[in-house]
2 protein chains.
Amino acid sequence: MAAAPFRVVILGAGFGGMEAARALRHAPVEVTLVDRHNHHLFQPLLYQVATAALSPGDIAWPIRAIFRRQPNVTVLMAEVSGIDTAARQVRTQDGLRLPYDALVVATGATHSYFGHDEWAGVAPGLKTLDDATALRRRLLVAFEQAELTMDATERQRLLTFIVIGAGPTGVELAGAMAELARDAMSREFRRIRPEMARIILLEAGERVLSTFPEDLGETARRSLEAKGVQVLTGRKVTLCDEAGVTCGEDRFPASTVVWAAGVVASPAAQWLGVQPGRAGRLEVGPDLSLPGLPEVFAVGDLVQAKDAEGKPVPGTAPAAKQMGRHVGRLLAARAAGRTAPGAFRYRHQGELATIGRRSAVVALGRFRLTGLIGWWFWGIAHVYFLVGFRSRVVVSFEWLWSYLTFQRGARLITAPSRRPPSDAPV
Amino acid sequence: MAAAPFRVVILGAGFGGMEAARALRHAPVEVTLVDRHNHHLFQPLLYQVATAALSPGDIAWPIRAIFRRQPNVTVLMAEVSGIDTAARQVRTQDGLRLPYDALVVATGATHSYFGHDEWAGVAPGLKTLDDATALRRRLLVAFEQAELTMDATERQRLLTFIVIGAGPTGVELAGAMAELARDAMSREFRRIRPEMARIILLEAGERVLSTFPEDLGETARRSLEAKGVQVLTGRKVTLCDEAGVTCGEDRFPASTVVWAAGVVASPAAQWLGVQPGRAGRLEVGPDLSLPGLPEVFAVGDLVQAKDAEGKPVPGTAPAAKQMGRHVGRLLAARAAGRTAPGAFRYRHQGELATIGRRSAVVALGRFRLTGLIGWWFWGIAHVYFLVGFRSRVVVSFEWLWSYLTFQRGARLITAPSRRPPSDAPV
């Protein structure tokens with residue numbers, strides 16, 4: 001081994017980047033972990049922040065605090081502006097240059113509007129804490145404005161909420177929005193009734209939860225409908241504007257539209273000067289390194305990877321963690337002069353999504369759980385995967401309290417407080 | 001009684017407005033409670049949100065949820081634009097007109113810069129949840145930028161935090177900032193050391209906690225100094241700008257400046273067309289009604305009231321609650337045709353302020369509590385006054401967890417996430 005330490009730079013502290021850094025815990029390397037936020041976010045519960053069930057602090061943790069006891073990690077809050085693969089340096093917008101011997105790109109994905117980027121302002125997505133508190137504000141302000149208005153048509157528009165895309169995020173969000181409107185808000189307004197709220201889930205494909213087994217998609221659909229969500233499949237959105245959504249001939253006036261339909265990889269391909277694959281994703285070799293750049297690896301949902309059977313690896317948290325762990329172990333072995341593990345092998349563990357109170361769908365191989373049992377499994381699995389004792393206690397308590405009282409603990413309209421919802425930043 | 005209901009409009013759902021509405025619980029009146037936020041805020045703990053110990057949802061509750069079971073209250077989220085005292089109507093910015101038979105003005109106070117409103121952008125105060133999350137972001141971003149910079153002078157400036165005003169808010173904030181820097185941040189940075197953080201408390205008067213008994217002010221000062229806060233009294237601020245604070249000859253370069261020095265009443269005097277008193281406060285008669293406007297009452301820290309001994313009633317939460325309760329009871333009696341209570345009498349209960357871990361000062365008449373005992377008293381009193389079982393459990397748990405681990409539960413840098421702190425909106 002050379003005297004100079006082996007320098008690993010990891011871009012992004014999501015599920016993939018975090019696991020890579022953790023797998024390097026005992027390795028003779030210097031890790032620099034760069035993220036534009038100061039926190040690691042448990043994205044699978046972000047919709048609960050957006051619907052006022054949990055506070056941002058319940059599902060996000062300072063990256064530094066997580067690595068407090070791992071002295072070979074330096075955490076930097078910075079935005080990447082480019083990568084010089086010839087000089088092996090990452091450039092940040094503050095003008096820093098971070099030299100690396102190995103680079104792990106784990107910068108994730110963002111919303112894709114399929115060529116309609118102008119919809120971003122009116123149909124924001126849900127990827128960051130700021131997205132979640134902005135959506136929470138839109139939802140709650142719509143109820144407040146509906147209570148104020150004397151115009152019945154405008155009131156109905158204010159109380160119409162549309163979710164575009166019926167994947168796990170869209171399904172969970174639509175279910176949570178229905179419960180927010182019907183349970184948490186009931187008896188609190190004097191002029192509007194929560195039953196007036198209309199929640200519409202629009203899906204371009206023919207099925208709800210298309211990546212799940214077909215019977216579970218059907219179960220989820222029935223469960224959503226029982227909660228009062230209008231599920232419309234085979235409806236491609238042709239226009240989103242301030243006042244609502246159009247699908248071909250049909251117009252749906254609405255105050256709040258959420259985009260859960262598609263993602264595109266972060267601009268990593270551009271930084272690296274490589275040709276991106278489908279949806280901007282990076283193509284990688286069997287060990288997750290980039291073709292022609294053996295010291296550069298990519299993990300998570302910005303990667304176009306395939307499992308042993310040739311099926312695409314899904315853009316989920318478990319897949320990102322497995323990839324991160326693989327690259328971390330590979331680099332640990334390489335730095336220690338041991339034999340590195342072989343090709344990445346994805347192990348599919350299953351799918352799960354909750355529709356709301358006492359209702360979830362879980363597929364573990366051939367094994368199925370639905371209804372109350374599925375819901376318990378979903379809840380325990382999610383609490384287990386949170387970071388740290390504090391969050392597990394607080395989230396468990398908040399859920400128990402909501403379950404018993406039908407209330408929401410974080411129903412706050414916060415910044416920017418004085419603009420109408422249509423002006424909200426995305 | 002006339003057939004038409006007696007209409008009470010209450011402006012502001014702080015401590016005063018809430019108590020007035022509650023005291024009308026069993027009265028034959030129709031109450032309309034107007035606030036520009038959707039939540040009632042427990043302001044005494046706002047500094048703990050600003051220093052990342054608590055989440056916004058822990059100390060704020062939807063006003064509607066509080067009045068869910070009081071059907072004679074209608075809650076409206078709206079901003080007041082004016083009051084027509086001749087027609088007895090409140091006008092809102094949405095164009096609503098709210099007729100009243102009795103009006104309770106409880107719109108509180110905001111920061112006063114003593115003629116230097118241009119300092120508001122660089123030395124924000126702490127009155128709303130948005131103020132608190134903005135300050136939290138400034139503090140945390142300063143540490144992040146200090147870790148990034150290579151310039152030692154700039155690093156020291158980034159790690160200098162100034163609180164202007166050594167009343168209860170300033171003292172509690174300075175103590176909490178010192179603990180955030182020295183305990184919660186320790187061992188998490190690789191380039192800066194938390195001991196490098198400098199917290200300065202500037203006070204124009206000669207004493208810390210000038211409204212408290214003198215010995216307790218001295219105790220608080222020693223306790224702050226033991227935590228590493230530099231307490232400078234007799235220092236009048238002559239300039240605040242982006243880069244720091246000037247007091248006469250002395251210049252203090254700093255990244256973060258907080259204003260806790262003075263308040264001015266909300267523009268109620270202007271709405272009512274009356275001449276304001278000192279610091280914009282409303283002058284009221286013995287029953288808290290306005291001179292010449294017997295159907296208009298004012299409560300809380302926008303009022304210039306005197307106690308039985310002729311001393312000014314302090315602008316605190318207990319005083320606001322007492323005034324609100326007095327007016328509520330008076331109106332309940334009037335609406336029911338009973339004899340209304342006489343003049344408002346302020347009962348002073350004491351003063352308390354915490355400096356941090358195991359340290360608080362409490363004065364209850366001649367009775368004094370300091371140190372660990374004072375801290376327990378302070379903690380129990382504050383948990384007791386929170387709204388609802390959920391917040392009591394969550395806040396107690398967060399405090400216990402922080403006490404045992406020296407960590408903070410809500411150390412999140414949130415919106416607007418990509419601007420440097422100096423551009424932050426106030």
Side-chain angles (χ1 to χ4, degrees), chain A residues 36-39 52 54-58 60-62 64-65 67-69 71 73-79 92 94 96 128-130 133-134 140-141 144-145 147-149 184-185 187-191 389-391 393-394 397-398 401 405 407-418 425, chain B residues 36-39 52 54-58 60-62 64-65 67-69 71 73-79 92 94 96 128-130 133-134 140-141 144-145 147-149 184-185 187-191 389-391 393-394 397-398 401 405 407-418 425:
Chain A
R36 63 196 168 113
H37 296 291
N38 82 323
H39 49 268
L54 294 176
S55 283
D58 299 340
W61 309 272
R64 306 191 168 285
F67 289 101
R68 168 188 290 250
R69 293 198 178 82
V73 174
T74 298
V75 177
L76 298 180
M77 188 175 97
E79 275 200 76
T92 73
D94 315 74
L96 283 185
T128 69
L129 282 181
D130 292 335
T133 48
L140 298 177
V141 166
E144 295 296 334
Q145 292 186 334
E147 178 82 345
L148 288 176
T149 188
M185 297 297 207
R187 288 186 295 155
E188 291 191 11
F189 291 83
R190 305 292 178 244
R191 301 173 185 185
F389 175 73
R390 180 190 147 274
S391 292
V393 171
V394 172
F397 175 76
E398 294 279 7
W401 181 81
T405 65
Q407 292 293 296
R408 302 281 171 127
R411 244 175 62 200
L412 305 178
I413 297 174
T414 50
S417 57
R418 297 193 207 168
Chain B
R36 63 195 168 113
H37 296 291
N38 82 323
H39 49 267
L54 295 176
S55 283
D58 298 341
W61 309 272
R64 309 192 166 282
F67 290 101
R68 166 189 290 249
R69 292 196 178 81
V73 173
T74 298
V75 176
L76 297 180
M77 188 176 96
E79 274 200 77
T92 73
D94 315 74
L96 283 185
T128 68
L129 282 181
D130 291 335
T133 48
L140 298 178
V141 166
E144 296 296 335
Q145 292 186 335
E147 177 83 346
L148 287 176
T149 188
M185 296 298 205
R187 288 186 296 155
E188 291 190 10
F189 291 83
R190 304 293 177 244
R191 300 173 185 186
F389 175 72
R390 180 190 147 274
S391 292
V393 171
V394 173
F397 175 75
E398 294 278 8
W401 181 80
T405 65
Q407 290 292 296
R408 303 282 171 126
R411 244 174 61 201
L412 304 178
I413 297 174
T414 49
S417 57
R418 297 194 209 166

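These values consider heavy atoms only, across backbone and side chains, with no hydrogens, waters or symmetry-generated copies. Each chain gets a letter, A, B and so on, in the order the sequences are listed, and its residues count up from 1. Worth saying up front: this structure is predicted, and the values here are computed from it rather than measured.
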>> So, taking the atom named CZ in Arg190(B) and the one named CZ in Phe67(A), what distance separates them when rounded to the nearest 0.5 Å?
In response: 10.0 Å
> chain B heavy atoms under 4.5 Å from Leu412(A): which part of the residue, side chain, backbone, both or neither?
Replying inline: both
>> What part of Arg408(A) gets within 4.5 angstrom of chain B, counting heavy atoms only: side chain, backbone, both, or neither?
In response: neither
>> I'd like to know which of Val73(B), Asp58(B), Thr149(B) tops the heavy-atom pair count under 4.5 Å against chain A.
In response: Val73(B)
> To the nearest 0.5 Å, how far apart are CG in Leu148(A) and CE in Met77(B)?
Replying inline: 8.0 Å
> Does Arg390(B) count as lying over the ring of Phe397(A), i.e. NZ or CZ under 6.0 Å from the six-ring centre, within 45 degrees of the axis?
Replying inline: no
> Is there a donor-acceptor pair closer than 3.5 Å between any side-chain N or O of Asn38(A) and the backbone N or O of Leu140(B)?
Replying inline: no
> What's the spacing between Arg64(A) CZ and Arg411(B) CZ if we round to 0.5 Å?
Replying inline: 8.0 Å
>> Given heavy-atom pairs under 4.5 angstrom as the criterion, report whether the side chain, backbone, both or neither of Leu54(A) touches chain B.
In response: neither
> Between Arg191(A), Gln407(A), Glu144(A), which residue shows the highest count of heavy-atom pairs closer than 4.5 Å to chain B?
Replying inline: Glu144(A)
> Quick one: of Val394(A), Val393(A), Leu96(A), who has the most non-hydrogen atom pairs under 4.5 Å with chain B?
Replying inline: Val393(A)
> Relative to chain B, which of Ala78(A), Ala60(A), Pro62(A), Ala410(A) shows the most heavy atom pairs under 4.5 Å?
Replying inline: Pro62(A)
> Could you state the interatomic distance from OG1 (Thr74(A)) to CZ (Phe189(B)), rounded to the nearest 0.5 Å?
Replying inline: 11.5 Å
> Roughly how far apart are Arg36(A) CZ and Ile413(B) CD1, rounded to 0.5 Å?
Replying inline: 13.0 Å
>> I need the residue from Pro56(A), Ala65(A), Ser55(A) with the largest number of non-hydrogen atom pairs under 4.5 Å to chain B.
In response: Ala65(A)
> Between atom CZ of Arg68(B) and atom CD of Glu188(A), what is the distance when rounded to the nearest 0.5 Å?
Replying inline: 4.0 Å
